[in-house]
Protein chains: 2
Amino acid sequence: MGIFSKTCEYAMRAVFFIAHRTANGGRVGIKEIATGINSPEHFLAKILQDLGRRNIIKSAKGPNGGFFMDDVTLKRRLSEVVEAVDGNGLFTGCGLGLDYCSETDPCPLHNEFKAIRERIHQMLENTTIEEFNEDLNLGVTRLKK
Amino acid sequence: MGIFSKTCEYAMRAVFFIAHRTANGGRVGIKEIATGINSPEHFLAKILQDLGRRNIIKSAKGPNGGFFMDDVTLKRRLSEVVEAVDGNGLFTGCGLGLDYCSETDPCPLHNEFKAIRERIHQMLENTTIEEFNEDLNLGVTRLKK
DNA sequence: AACATAAAAGAGTTTATTGTCTTTTATTGC
DNA sequence: GCAATAAAAGACAATAAACTCTTTTATGTT
(Lines give C-alpha, C1' and ligand atoms only; values in the text may rest on other atoms or scores of the structure.)
Protein backbone atom coordinates (compact mmCIF):
# COMPACT_ATOMS: atom_id res chain seq x y z
CA MET A 1 0.00 0.00 0.00
CA GLY A 2 0.85 3.63 -0.28
CA ILE A 3 0.80 6.02 2.61
CA PHE A 4 -2.99 6.00 2.98
CA SER A 5 -5.56 3.21 3.02
CA LYS A 6 -7.67 2.61 -0.06
CA THR A 7 -10.68 3.92 1.82
CA CYS A 8 -8.81 7.12 2.53
CA GLU A 9 -7.74 7.50 -1.08
CA TYR A 10 -11.35 7.18 -2.24
CA ALA A 11 -12.41 9.67 0.42
CA MET A 12 -9.91 12.30 -0.68
CA ARG A 13 -10.66 11.91 -4.37
CA ALA A 14 -14.40 12.01 -3.70
CA VAL A 15 -14.21 15.16 -1.62
CA PHE A 16 -12.22 16.88 -4.33
CA PHE A 17 -14.64 15.67 -6.94
CA ILE A 18 -17.70 16.85 -5.05
CA ALA A 19 -16.12 20.24 -4.42
CA HIS A 20 -15.25 20.57 -8.05
CA ARG A 21 -18.69 19.61 -9.33
CA THR A 22 -20.74 21.66 -6.87
CA ALA A 23 -18.64 24.77 -6.29
CA ASN A 24 -21.19 26.80 -8.23
CA GLY A 25 -24.20 25.24 -6.56
CA GLY A 26 -26.09 22.04 -7.33
CA ARG A 27 -25.56 18.52 -6.12
CA VAL A 28 -23.91 15.43 -7.45
CA GLY A 29 -25.11 11.85 -7.06
CA ILE A 30 -23.17 8.87 -5.80
CA LYS A 31 -23.13 7.16 -9.21
CA GLU A 32 -21.52 10.13 -10.89
CA ILE A 33 -18.94 10.49 -8.13
CA ALA A 34 -18.05 6.80 -8.19
CA THR A 35 -17.62 6.82 -11.94
CA GLY A 36 -15.75 10.11 -11.81
CA ILE A 37 -13.13 8.98 -9.34
CA ASN A 38 -13.02 5.33 -10.35
CA SER A 39 -14.24 3.72 -7.15
CA PRO A 40 -16.81 1.03 -6.23
CA GLU A 41 -20.16 2.76 -5.86
CA HIS A 42 -21.61 1.16 -2.74
CA PHE A 43 -18.33 1.13 -0.92
CA LEU A 44 -17.90 4.81 -1.61
CA ALA A 45 -21.45 5.39 -0.39
CA LYS A 46 -20.44 4.09 3.04
CA ILE A 47 -17.42 6.35 3.12
CA LEU A 48 -19.46 9.39 2.15
CA GLN A 49 -22.09 8.61 4.78
CA ASP A 50 -19.35 8.71 7.34
CA LEU A 51 -17.87 11.94 6.00
CA GLY A 52 -21.37 13.42 6.08
CA ARG A 53 -21.83 12.50 9.73
CA ARG A 54 -18.54 14.20 10.50
CA ASN A 55 -19.64 17.28 8.61
CA ILE A 56 -16.85 17.08 6.07
CA ILE A 57 -19.30 16.98 3.20
CA LYS A 58 -23.02 17.71 2.92
CA SER A 59 -25.79 15.54 1.52
CA ALA A 60 -29.50 15.73 0.76
CA LYS A 61 -31.96 12.93 0.11
CA GLY A 62 -34.70 12.79 -2.44
CA PRO A 63 -35.12 14.29 -5.90
CA ASN A 64 -32.45 16.84 -6.72
CA GLY A 65 -30.59 15.42 -3.77
CA GLY A 66 -27.00 14.36 -3.71
CA PHE A 67 -23.71 15.40 -2.20
CA PHE A 68 -22.34 18.91 -2.08
CA MET A 69 -20.17 21.32 -0.12
CA ASP A 70 -21.11 24.52 1.66
CA ASP A 71 -18.97 27.37 2.97
CA VAL A 72 -18.07 25.44 6.10
CA THR A 73 -17.14 22.16 4.44
CA LEU A 74 -15.18 23.87 1.68
CA LYS A 75 -12.91 25.26 4.36
CA ARG A 76 -12.07 21.83 5.70
CA ARG A 77 -8.48 20.73 5.48
CA LEU A 78 -7.28 17.55 3.87
CA SER A 79 -5.92 16.52 7.26
CA GLU A 80 -9.48 16.37 8.56
CA VAL A 81 -10.47 13.97 5.81
CA VAL A 82 -7.49 11.74 6.48
CA GLU A 83 -8.02 11.79 10.22
CA ALA A 84 -11.72 10.99 9.84
CA VAL A 85 -10.93 7.90 7.78
CA ASP A 86 -7.52 6.60 8.83
CA GLY A 87 -7.32 8.10 12.31
CA ASN A 88 -4.28 9.93 13.53
CA GLY A 89 -1.90 6.96 13.67
CA LEU A 90 -0.06 8.34 10.68
CA PHE A 91 0.67 11.58 12.52
CA THR A 92 1.41 10.20 15.97
CA GLY A 93 2.45 6.54 15.74
CA CYS A 94 5.97 5.20 16.13
CA GLY A 95 7.72 4.15 12.93
CA LEU A 96 8.83 0.88 14.44
CA GLY A 97 5.47 0.25 16.11
CA LEU A 98 6.79 0.54 19.65
CA ASP A 99 4.22 1.50 22.25
CA TYR A 100 6.61 3.12 24.67
CA CYS A 101 8.15 5.40 22.06
CA SER A 102 7.68 9.07 22.88
CA GLU A 103 9.50 12.35 23.05
CA THR A 104 11.05 11.55 26.42
CA ASP A 105 11.67 7.91 25.61
CA PRO A 106 12.39 7.80 21.89
CA CYS A 107 12.87 4.73 19.73
CA PRO A 108 15.93 4.51 17.46
CA LEU A 109 14.26 6.29 14.56
CA HIS A 110 12.04 8.61 16.55
CA ASN A 111 13.52 11.90 15.45
CA GLU A 112 13.78 10.98 11.81
CA PHE A 113 10.20 9.78 11.76
CA LYS A 114 9.01 12.75 13.70
CA ALA A 115 10.30 15.10 11.03
CA ILE A 116 8.59 13.12 8.29
CA ARG A 117 5.31 12.80 10.13
CA GLU A 118 5.27 16.52 10.77
CA ARG A 119 5.92 17.15 7.15
CA ILE A 120 3.00 14.98 6.08
CA HIS A 121 0.76 16.57 8.65
CA GLN A 122 1.75 20.03 7.56
CA MET A 123 1.06 19.30 3.93
CA LEU A 124 -2.41 17.99 4.71
CA GLU A 125 -3.06 20.78 7.17
CA ASN A 126 -2.12 23.43 4.64
CA THR A 127 -4.38 22.10 1.93
CA THR A 128 -8.01 23.16 2.12
CA ILE A 129 -10.58 21.61 -0.17
CA GLU A 130 -11.35 25.09 -1.45
CA GLU A 131 -7.79 25.92 -2.43
CA PHE A 132 -7.40 22.63 -4.06
CA ASN A 133 -10.50 23.18 -6.05
CA GLU A 134 -8.93 26.16 -7.77
CA ASP A 135 -6.28 23.91 -9.26
CA LEU A 136 -8.96 21.60 -10.53
CA ASN A 137 -10.89 24.49 -12.02
CA LEU A 138 -7.80 25.72 -13.77
CA GLY A 139 -7.44 22.29 -15.31
CA VAL A 140 -3.98 22.00 -13.83
CA THR A 141 -4.93 18.67 -12.37
CA ARG A 142 -7.63 16.05 -12.61
CA LEU A 143 -8.89 13.06 -10.68
CA LYS A 144 -9.16 10.41 -13.33
CA LYS A 145 -7.59 9.68 -16.66
CA MET B 1 -1.85 1.94 10.88
CA GLY B 2 1.39 3.81 10.84
CA ILE B 3 3.55 4.25 7.80
CA PHE B 4 4.62 0.60 7.60
CA SER B 5 2.70 -2.66 7.84
CA LYS B 6 2.88 -4.66 11.06
CA THR B 7 4.92 -7.28 9.26
CA CYS B 8 7.39 -4.61 8.28
CA GLU B 9 7.62 -3.25 11.80
CA TYR B 10 8.42 -6.72 13.13
CA ALA B 11 10.99 -7.19 10.40
CA MET B 12 12.82 -3.98 11.21
CA ARG B 13 12.82 -4.58 14.94
CA ALA B 14 13.97 -8.16 14.46
CA VAL B 15 16.84 -7.21 12.19
CA PHE B 16 18.04 -4.64 14.69
CA PHE B 17 17.68 -7.13 17.49
CA ILE B 18 19.63 -9.84 15.68
CA ALA B 19 22.38 -7.40 14.78
CA HIS B 20 22.61 -6.24 18.35
CA ARG B 21 22.73 -9.73 19.85
CA THR B 22 25.17 -11.25 17.39
CA ALA B 23 27.52 -8.40 16.54
CA ASN B 24 30.29 -10.13 18.47
CA GLY B 25 29.59 -13.58 17.04
CA GLY B 26 27.11 -16.21 18.09
CA ARG B 27 23.53 -16.79 17.04
CA VAL B 28 20.15 -16.03 18.47
CA GLY B 29 17.06 -18.22 18.36
CA ILE B 30 13.60 -17.30 17.17
CA LYS B 31 12.10 -17.55 20.67
CA GLU B 32 14.52 -15.05 22.09
CA ILE B 33 14.02 -12.65 19.19
CA ALA B 34 10.24 -12.87 19.42
CA THR B 35 10.30 -12.19 23.14
CA GLY B 36 12.89 -9.48 22.74
CA ILE B 37 10.96 -7.45 20.20
CA ASN B 38 7.48 -8.33 21.42
CA SER B 39 6.16 -10.16 18.39
CA PRO B 40 4.28 -13.44 17.77
CA GLU B 41 6.88 -16.17 17.43
CA HIS B 42 5.61 -18.22 14.50
CA PHE B 43 4.58 -15.21 12.52
CA LEU B 44 7.99 -13.72 12.98
CA ALA B 45 9.54 -17.02 11.90
CA LYS B 46 7.86 -16.64 8.51
CA ILE B 47 9.12 -13.13 8.14
CA LEU B 48 12.68 -14.12 9.03
CA GLN B 49 12.57 -17.03 6.59
CA ASP B 50 11.77 -14.56 3.89
CA LEU B 51 14.49 -12.12 4.96
CA GLY B 52 16.93 -15.04 4.97
CA ARG B 53 16.01 -16.01 1.42
CA ARG B 54 16.66 -12.43 0.38
CA ASN B 55 20.01 -12.47 2.15
CA ILE B 56 19.11 -9.68 4.54
CA ILE B 57 19.84 -11.87 7.53
CA LYS B 58 21.64 -15.19 7.96
CA SER B 59 20.45 -18.36 9.62
CA ALA B 60 21.74 -21.80 10.56
CA LYS B 61 19.79 -24.93 11.45
CA GLY B 62 20.56 -27.43 14.15
CA PRO B 63 22.24 -27.18 17.53
CA ASN B 64 23.93 -23.85 18.11
CA GLY B 65 21.93 -22.65 15.15
CA GLY B 66 19.88 -19.51 14.96
CA PHE B 67 19.85 -16.17 13.24
CA PHE B 68 22.81 -13.87 12.83
CA MET B 69 24.41 -11.24 10.65
CA ASP B 70 27.66 -11.32 8.71
CA ASP B 71 29.71 -8.56 7.12
CA VAL B 72 27.47 -8.45 4.08
CA THR B 73 24.12 -8.40 5.88
CA LEU B 74 25.31 -5.84 8.44
CA LYS B 75 25.88 -3.45 5.55
CA ARG B 76 22.28 -3.73 4.40
CA ARG B 77 20.20 -0.60 4.50
CA LEU B 78 16.87 -0.25 6.24
CA SER B 79 15.34 0.52 2.85
CA GLU B 80 16.18 -3.00 1.73
CA VAL B 81 14.29 -4.45 4.67
CA VAL B 82 11.26 -2.30 3.98
CA GLU B 83 11.29 -3.03 0.28
CA ALA B 84 11.62 -6.76 0.90
CA VAL B 85 8.53 -6.77 3.10
CA ASP B 86 6.25 -3.95 1.96
CA GLY B 87 7.47 -3.57 -1.60
CA ASN B 88 8.26 -0.21 -3.08
CA GLY B 89 4.73 1.19 -3.15
CA LEU B 90 5.64 3.55 -0.34
CA PHE B 91 8.43 5.05 -2.43
CA THR B 92 6.72 5.13 -5.80
CA GLY B 93 2.94 5.09 -5.38
CA CYS B 94 0.60 8.05 -5.86
CA GLY B 95 -0.74 9.62 -2.68
CA LEU B 96 -4.27 9.66 -4.02
CA GLY B 97 -3.98 6.17 -5.48
CA LEU B 98 -4.25 7.27 -9.09
CA ASP B 99 -2.73 4.94 -11.64
CA TYR B 100 -1.99 7.53 -14.27
CA CYS B 101 -0.13 9.84 -11.88
CA SER B 102 3.48 10.37 -12.92
CA GLU B 103 6.08 13.04 -13.40
CA THR B 104 4.70 14.06 -16.78
CA ASP B 105 1.08 13.69 -15.74
CA PRO B 106 0.96 14.56 -12.06
CA CYS B 107 -2.02 14.30 -9.73
CA PRO B 108 -2.99 17.30 -7.59
CA LEU B 109 -0.68 16.39 -4.76
CA HIS B 110 2.08 14.83 -6.78
CA ASN B 111 4.86 17.23 -5.98
CA GLU B 112 4.08 17.46 -2.30
CA PHE B 113 3.97 13.70 -2.00
CA LYS B 114 7.07 13.28 -4.05
CA ALA B 115 9.07 15.35 -1.61
CA ILE B 116 7.81 13.34 1.32
CA ARG B 117 8.36 10.00 -0.33
CA GLU B 118 11.89 10.99 -1.21
CA ARG B 119 12.49 12.02 2.35
CA ILE B 120 11.32 8.68 3.68
CA HIS B 121 13.37 6.83 1.12
CA GLN B 122 16.44 8.85 1.94
CA MET B 123 16.11 8.21 5.64
CA LEU B 124 15.83 4.46 5.12
CA GLU B 125 18.58 4.50 2.52
CA ASN B 126 20.95 6.31 4.84
CA THR B 127 20.46 3.95 7.74
CA THR B 128 22.51 0.77 7.66
CA ILE B 129 21.93 -1.98 10.17
CA GLU B 130 25.51 -1.64 11.27
CA GLU B 131 25.32 2.06 12.03
CA PHE B 132 22.12 1.60 13.85
CA ASN B 133 23.65 -1.07 15.94
CA GLU B 134 26.12 1.38 17.37
CA ASP B 135 23.28 3.38 18.87
CA LEU B 136 21.89 0.25 20.44
CA ASN B 137 25.28 -0.67 21.84
CA LEU B 138 25.66 2.75 23.33
CA GLY B 139 22.35 2.23 25.09
CA VAL B 140 21.01 5.34 23.44
CA THR B 141 18.03 3.39 22.22
CA ARG B 142 16.31 0.08 22.78
CA LEU B 143 13.73 -2.12 21.10
CA LYS B 144 11.41 -2.99 23.93
CA LYS B 145 10.43 -1.48 27.24
C1' DA C 1 23.97 -44.34 13.46
C1' DA C 2 20.88 -42.20 16.83
C1' DC C 3 19.42 -38.32 19.08
C1' DA C 4 18.66 -33.51 20.08
C1' DT C 5 18.26 -28.98 18.37
C1' DA C 6 16.53 -25.32 15.64
C1' DA C 7 15.11 -23.33 11.36
C1' DA C 8 12.15 -24.29 7.04
C1' DA C 9 8.02 -25.44 5.18
C1' DG C 10 3.12 -26.42 5.00
C1' DA C 11 -1.51 -25.95 6.29
C1' DG C 12 -4.39 -23.91 8.43
C1' DT C 13 -7.45 -19.91 11.54
C1' DT C 14 -8.68 -15.24 12.77
C1' DT C 15 -9.29 -10.51 11.99
C1' DA C 16 -9.45 -6.39 9.24
C1' DT C 17 -10.09 -4.32 4.87
C1' DT C 18 -12.44 -3.90 0.77
C1' DG C 19 -16.38 -4.53 -1.91
C1' DT C 20 -21.53 -5.98 -3.08
C1' DC C 21 -26.40 -6.24 -2.69
C1' DT C 22 -30.97 -5.25 -0.60
C1' DT C 23 -34.06 -2.69 2.25
C1' DT C 24 -35.34 1.51 4.63
C1' DT C 25 -35.97 6.41 5.24
C1' DA C 26 -36.36 11.14 3.83
C1' DT C 27 -37.62 14.55 0.39
C1' DT C 28 -39.60 16.54 -3.70
C1' DG C 29 -43.08 17.29 -7.22
C1' DC C 30 -47.38 16.23 -8.80
C1' DG D 1 -51.49 11.47 -0.36
C1' DC D 2 -48.80 9.08 -4.03
C1' DA D 3 -45.06 8.09 -6.88
C1' DA D 4 -40.33 8.88 -7.95
C1' DT D 5 -35.80 9.92 -6.45
C1' DA D 6 -31.65 9.50 -3.87
C1' DA D 7 -29.10 8.92 0.29
C1' DA D 8 -28.89 6.01 4.76
C1' DA D 9 -28.64 1.80 6.78
C1' DG D 10 -28.12 -3.16 7.26
C1' DA D 11 -26.48 -7.53 6.02
C1' DC D 12 -23.54 -9.95 3.74
C1' DA D 13 -19.23 -11.80 0.50
C1' DA D 14 -14.41 -11.69 -1.05
C1' DT D 15 -9.79 -10.70 -0.31
C1' DA D 16 -5.70 -9.61 2.19
C1' DA D 17 -3.12 -9.19 6.49
C1' DA D 18 -1.97 -11.05 10.72
C1' DC D 19 -1.36 -14.89 13.48
C1' DT D 20 -1.14 -20.21 15.02
C1' DC D 21 -0.01 -24.93 14.95
C1' DT D 22 2.16 -29.15 13.02
C1' DT D 23 5.41 -31.58 10.25
C1' DT D 24 9.73 -31.76 7.75
C1' DT D 25 14.57 -30.96 6.90
C1' DA D 26 19.25 -29.88 8.08
C1' DT D 27 23.08 -30.00 11.33
C1' DG D 28 25.76 -30.68 15.20
C1' DT D 29 26.86 -33.97 19.28
C1' DT D 30 27.50 -38.30 21.34
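All chains are named by letter (A, B, ...) in the order of the sequence lines, taking the proteins before the strands, and each is independently numbered beginning at 1.
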Going by the rule side chain to side chain contact (heavy atoms under 4.5 Å, CB included), which residues pair with A:Arg76 if we only count those two or more places apart in sequence or in a different chain?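 Per chain and number, A:Arg76 pairs via side chain to side chain contact (heavy atoms under 4.5 Å, CB included) with A:Asn55, A:Ile56, A:Val72, A:Glu80, A:Ile129.
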Option from B:Leu74, B:Leu48, B:Asp50 for which side chain to side chain contact (heavy atoms under 4.5 Å, CB included) with B:Ile57 holds: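 When B:Leu74, B:Leu48, B:Asp50 are each tested with B:Ile57, the side chain to side chain contact (heavy atoms under 4.5 Å, CB included) holds only for B:Leu48.
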Whole-Å gap separating P (D:dC19) and CG (B:Asn38):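 So the two atoms are 11 Å apart, to the nearest Å.
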What is the distance, to the nearest angstrom, from the CZ atom on A:Phe43 to the C1' atom on D:dA14?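 To the nearest whole Å, that distance equals 12 Å.
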Between C1' of C:dG19 and CD1 of A:Ile47, the distance in whole Å: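 Roughly 10 Å, once rounded to whole Å.
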Is there a side-chain polar atom (N or O) of B:Thr7 under 4.0 Å from OP1 or OP2 of D:dA17?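 No, B:Thr7 has no side-chain N/O under 4.0 Å of OP1/OP2 on D:dA17.
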In whole Å, I'd like the distance from the CD atom of A:Glu32 to the P atom of D:dA6.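 Roughly 11 Å, once rounded to whole Å.
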Once side-chain hydrogen bond (donor to acceptor under 3.5 Å, both in side chains) is applied, do any residues pair with B:Ser59, and if so which ones, sequence neighbours excluded?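 B:Ser59 satisfies side-chain hydrogen bond (donor to acceptor under 3.5 Å, both in side chains) with no other residue.
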Set of side chain to side chain contact (heavy atoms under 4.5 Å, CB included) partners for B:Thr22, sequence neighbours left out: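 Once residues adjacent in sequence are excluded, the partners of B:Thr22 under the side chain to side chain contact (heavy atoms under 4.5 Å, CB included) criterion are B:Ile18, B:Val28, B:Phe68, B:Met69.
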Output the rounded distance in Å from CD (A:Glu41) to C1' (C:dT22).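 Distance, rounded to whole Å: 13 Å.
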Check side chain to side chain contact (heavy atoms under 4.5 Å, CB included) between B:Asn88 and all other residues, then give those that pass, not counting sequence neighbours.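 If we apply the side chain to side chain contact (heavy atoms under 4.5 Å, CB included) test to B:Asn88, skipping adjacent residues, the hits are B:Glu83, B:Phe91, B:Thr92.
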Distance test, side-chain N/O of B:Tyr10 to OP1/OP2 of D:dA18, below 4.0 Å: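 For D:dA18, OP1/OP2 do not have a side-chain N/O of B:Tyr10 under 4.0 Å.
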Here's a test of your reading of the structure: between B:Leu44 and B:Arg27, which maps to the more 5' nucleotide of DNA chain D?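 With B:Leu44 and B:Arg27 compared, the 5'-side residue is B:Leu44.
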Partners meeting side chain to side chain contact (heavy atoms under 4.5 Å, CB included) with B:His110 (sequence neighbours left out):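 Once residues adjacent in sequence are excluded, the partners of B:His110 under the side chain to side chain contact (heavy atoms under 4.5 Å, CB included) criterion are B:Cys101, B:Glu103, B:Pro106, B:Cys107, B:Lys114, B:Arg117.
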Base versus backbone protein contacts along nucleotides 2-10 of chain C [heavy-atom cut-off under 4.0 Å; B, S, -]: ---BBBBBB
Quick one: B:Asp86 CG to D:dA16 C1', roughly how many Å, whole number?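 The answer, rounded to whole Å, is 13 Å.
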Could you give the CD1-to-C1' distance, from A:Ile18 to D:dA6, as a whole number of Å?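 Spelled out: CD1 on A:Ile18 to C1' on D:dA6 is 14 Å.
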